[in-house]
Amino acid sequence: MKVVHSALPTLLYAGLFAAANGQTNTTDITTYGTTVQISTPEVEYDQNQNHAEKESPILDGTSIEANGNLWVAYPFVTELYDDSILTFNWTLTEDTEDGFQALCLDADTELTGSDGKCFVLRSTQGMSGLTAANWVIVPVMASVGETIEITIPVGKFLTGTVNYLGLIQDSDGADKGLGGMVFRDLVFSQHMSDAL
């Protein structure tokens, strides 16, 4: 007699558990006045950076919460113009160990090349290794537990079509579970300096 096990009950339970905990598995991003959703599952960003212990970020409507070492990206298509600005609220919930925390905009899922930029929000490794052309150091002063509003003139660093929104929380110390951050209320807009 052949026994067939279905993953459906597990998937239904996971979905009900997520919904009961306020998780929608989607996050709204406002792009030039239009709401766009990103959703799970995420894809790996760059190669061989994730570890077996990686936790998937939590998407719950207007925020993305990331814990532990991870390099992930979500399909997200938008256009960046010379005057494009990205504004969001960012909470540092835990520092990484010998690492950094960043938000990336990229045409593909590879960090290298001229078609993407990663905006480094916090580093516990100093600036070592973050000086290549695809890294932008954002002068952010956030303490653990503090939420701050960040505005980045992303169009000054990257223009054209973006296909992915990436999150990096690199924790290279002995405990890969260290590091925590929450992004809320991501909004892409244009400065429209000629209208001023």
Side-chain angles (χ1 to χ4, degrees), residues 18 23-47 49-50 54-93 96 99-123 130 132-138 140 142 147-170 179-190:
Q23 299 171 20
T24 61
N25 295 325
T26 64
T27 293
D28 293 341
I29 298 175
T30 303
T31 58
Y32 313 108
T34 302
T35 300
V36 176
Q37 281 190 335
I38 60 170
S39 61
T40 57
E42 73 275 5
V43 296
E44 185 173 25
Y45 186 63
D46 211 30
Q47 296 181 42
Q49 297 291 341
N50 288 312
K54 179 190 83 68
E55 291 182 35
S56 291
I58 299 168
L59 282 62
D60 74 351
T62 60
S63 68
I64 307 167
E65 180 181 346
N67 294 297
N69 188 89
L70 55 80
W71 292 57
V72 299
Y74 295 92
F76 169 71
V77 180
T78 194
E79 196 71 22
L80 296 181
Y81 307 98
D82 289 339
D83 61 349
S84 291
I85 296 170
L86 171 60
T87 304
F88 56 91
N89 291 314
W90 186 66
T91 305
L92 175 66
T93 58
T96 60
F100 61 94
Q101 290 145 316
L103 180 139
C104 306
L105 301 169
D106 211 325
D108 56 34
T109 58
E110 290 298 320
L111 181 59
T112 57
S114 61
D115 57 356
K117 293 287 182 195
C118 287
F119 300 92
V120 179
L121 306 174
R122 179 93 165 171
S123 176
L130 300 174
N134 44 354
W135 299 108
V136 177
I137 308 301
V138 179
V140 173
T147 300
I148 60 173
E149 182 177 280
I150 297 174
T151 299
I152 304 172
V154 292
K156 298 293 181 197
F157 304 99
L158 182 66
T159 57
T161 303
V162 168
N163 295 314
Y164 292 93
L165 173 78
L167 302 177
I168 299 176
Q169 190 156 254
D170 188 62
M181 60 183 173
V182 180
F183 294 89
R184 284 187 181 81
D185 305 318
L186 287 93
V187 176
F188 287 86
S189 59
Q190 285 183 270

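Throughout, numbering of the chain's residues begins at 1 and tracks the sequence. Basis for what follows: all heavy atoms, side chains included, without hydrogens, waters or symmetry-related copies.
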**Study point:** Distance-only polar pair, side chains of Glu79 and Thr161, donor-acceptor under 3.5 Å
**Key:** yes
Check your understanding: What's the spacing between Asp185 CG and Thr27 OG1 if we round to 0.5 Å?
Key -> 10.0 Å
Practice item. In sequence, state the C-alpha distance, the side-chain angles, and the governing distance for Thr87 and Glu149, and then conclude on side chain to side chain contact (heavy atoms under 4.5 Å, CB included). Key: CA-CA 7 Å; Thr87 304; Glu149 182 177 280; 3.9 Å; yes
Point to revise | Side-chain heavy atoms of Glu44 within contact of Thr109, under 4.5 Å | key: no
**Study point:** Heavy-atom pair of closest approach, residues Phe76 and Thr78
**Key:** CE2-CG2, 3.5 Å
Check your understanding: Shortest non-hydrogen contact from Cys104 to Ile168?
Key -> SG-CD1, 3.6 Å
Exercise for review: For Asp106 and Asp115, run side chain to side chain contact (heavy atoms under 4.5 Å, CB included): C-alpha distance rounded to whole Å, both residues' side-chain angles, the deciding distance at 0.1 Å, then the answer.
Suggested key: CA-CA 6 Å; Asp106 211 325; Asp115 57 356; 3.4 Å; yes
Review point. Which value, rounded to the nearest 0.5 Å, describes the distance between Asn89 atom CG and Thr147 atom OG1?
Key: 7.0 Å
Practice item. Kindly give the heavy-atom pair with the smallest separation between Leu186 and Phe183, and that separation in Å. Key: CD1-CB, 3.9 Å
Exercise for review: Using atom types as modelled and distance alone, determine if a side-chain donor or acceptor of Lys156 lies under 3.5 Å from a backbone N or O of Ile85.
Suggested key: no
Check your understanding: Ser56 and Glu42: side-chain donor and acceptor closer than 3.5 Å?
Key -> yes
Exercise for review: Would you check, one step at a time, whether the test side chain to side chain contact (heavy atoms under 4.5 Å, CB included) holds for Trp71 with Leu111?
Suggested key: CA-CA 10 Å; Trp71 292 57; Leu111 181 59; 4.0 Å; yes
Check your understanding: Could you give the distance from OG1 (Thr34) to CG (Asp28), rounded to the nearest 0.5 Å?
Key -> 12.0 Å
**Study point:** Sub-4.5 Å side-chain heavy-atom contact between Ile64 and Leu165
**Key:** yes
Practice item. For residues Leu130 and Trp135, report the shortest heavy-atom separation together with the two atoms involved. Key: O-CB, 3.3 Å
Revision key, fill the gap. Gln49 meets the side-chain hydrogen bond (donor to acceptor under 3.5 Å, both in side chains) criterion, sequence neighbours left out, with none
Practice item. Drop me the distance from Phe188's CZ to Ile152's CD1, to the nearest 0.5 angstrom. Key: 9.0 Å
Practice item. Specify the closest pair of heavy atoms between Thr26 and Ser39, including all atoms of both residues, with the distance to one decimal. Key: CG2-CB, 3.7 Å
**Study point:** Side chains of Tyr45 and Leu167 in contact at under 4.5 Å (non-hydrogen atoms)
**Key:** no
Check your understanding: Is the backbone N or O of Gln169 less than 3.5 Å from a side-chain atom of Gln101, with the two atoms forming a donor-acceptor pair by type?
Key -> no
Study note, to complete from the structure: By side chain to side chain contact (heavy atoms under 4.5 Å, CB included), Val182 pairs with (sequence neighbours left out) Ser63, Glu65, Thr91, Thr93, Arg184
Check your understanding: What distance separates Tyr74 OH from Gln37 CD, expressed to the nearest 0.5 Å?
Key -> 13.0 Å
Review point. What's the shortest heavy-atom distance between Pro75 and Ile38, and which atoms?
Key: O-CG2, 3.8 Å
Point to revise | Residues Val140, Leu92; criterion side chain to side chain contact (heavy atoms under 4.5 Å, CB included); working and verdict | key: CA-CA 11 Å; Val140 173; Leu92 175 66; over 6 Å; no
Review point. Hey, what do you get for OG1 (Thr62) to CD1 (Ile29), rounding to the nearest 0.5 Å?
Key: 11.0 Å
Check your understanding: Can you find a pair of side-chain heavy atoms, one from Leu86 and one from Leu103, that are under 4.5 Å apart?
Key -> yes
Practice item. Determine whether the aromatic ring centres of Phe119 and Trp90 lie less than 6.0 Å apart. Key: no
